[in-house]
Amino acid sequence: MPVTGPEPLARNGSNAPVLSPALGVYVQLEPAVPGDEQRYEKACAIVRDWVGDKLRWTLTSTFGEPAPYDPEDFQYVVEHPASTKPPKPASTPELEAMQRRLQVLQAVEFSMNCHGGEHGV
């Protein structure tokens, strides 16, 4: 008898599964800019609705050890663009490009893992 998983959360027009329940969520943010908050809030609201309270712990690059999962953990994602301040205009295009690269290196470090498994898995 074939093993089947849980019922998909969403199907496409031809009834093929396009979204299935997951045991975890991994978020790796690309560099954000101020003003991205609304896009991030909309995306996080969708994910929070999908996972509900089924996850058990969260680890982000902003704190050093896993903590009990709270759906509000996604607020770290929503607030990320606000914490990314554009550099002041530079005197030359070369300096401006260097400032942008440094800003990307600074902003690209944020990640978050939310899991349904045991702590530390």
Task: Nearest-0.5 Å distance that lies between atom NE2 in His115 and atom CZ in Arg56 - done: 12.5 Å

TODO: Applying ring-ring contact (aromatic ring centres under 6.0 Å, His included), name anything that partners Tyr69, two or more places apart in sequence or on another chain.
DONE: none

TODO: Apply side-chain contact (heavy atoms from CB on, under 4.5 Å) to Asn12 and list each qualifying residue two or more places apart in sequence or on a separate chain.
DONE: Ser14, Ala16, Val18

Task: With sequence neighbours excluded, residues passing side chain to side chain donor-acceptor pair (under 3.5 Å) with Asp73 - done: Thr58

TODO: For Phe74 and Val47, work out which heavy atoms get closest and say how close.
DONE: CZ-CG1, 3.6 Å

Task: Greater than 12 external heavy atoms within 6.0 Å of Asp53's CG - done: no

- [ ] Just jot down the side-chain contact (heavy atoms from CB on, under 4.5 Å) partners of Arg11, sequence neighbours excluded, or say none.
- [x] Glu7, Pro8, Asn15, Pro17

TODO: Could you pull out all residues at least two apart from Thr92 that satisfy side-chain contact (heavy atoms from CB on, under 4.5 Å)?
DONE: Glu94, Leu95

Task: Within one Ile-Leu-Val-Met-Phe-Trp-Tyr cluster: Val27 and Tyr40, side-chain cutoff 4.5 Å - done: yes

- [ ] Give, for atom SG of Cys44 and atom CD of Glu72, the distance between the pair rounded to the nearest 0.5 Å.
- [x] 10.0 Å

Task: Same apolar cluster: Val78 and Val51, side chain cutoff 4.5 Å - done: no

Open item on the list: What's the separation between atom SG in Cys114 and atom CG in Leu59, rounded to the nearest 0.5 Å?
Closed with: 9.0 Å

Task: Ala45: side-chain contact (heavy atoms from CB on, under 4.5 Å) partners, not counting sequence neighbours - done: Glu41, Arg48

Task: Joint cluster assignment, Tyr26 & Trp57, ILVMFWY side-chain distance < 4.5 Å - done: no

Open item on the list: Quick check: is Leu55 connected to Trp50 through a chain of hydrophobic side chains (ILVMFWY, heavy atoms under 4.5 Å apart)?
Closed with: yes

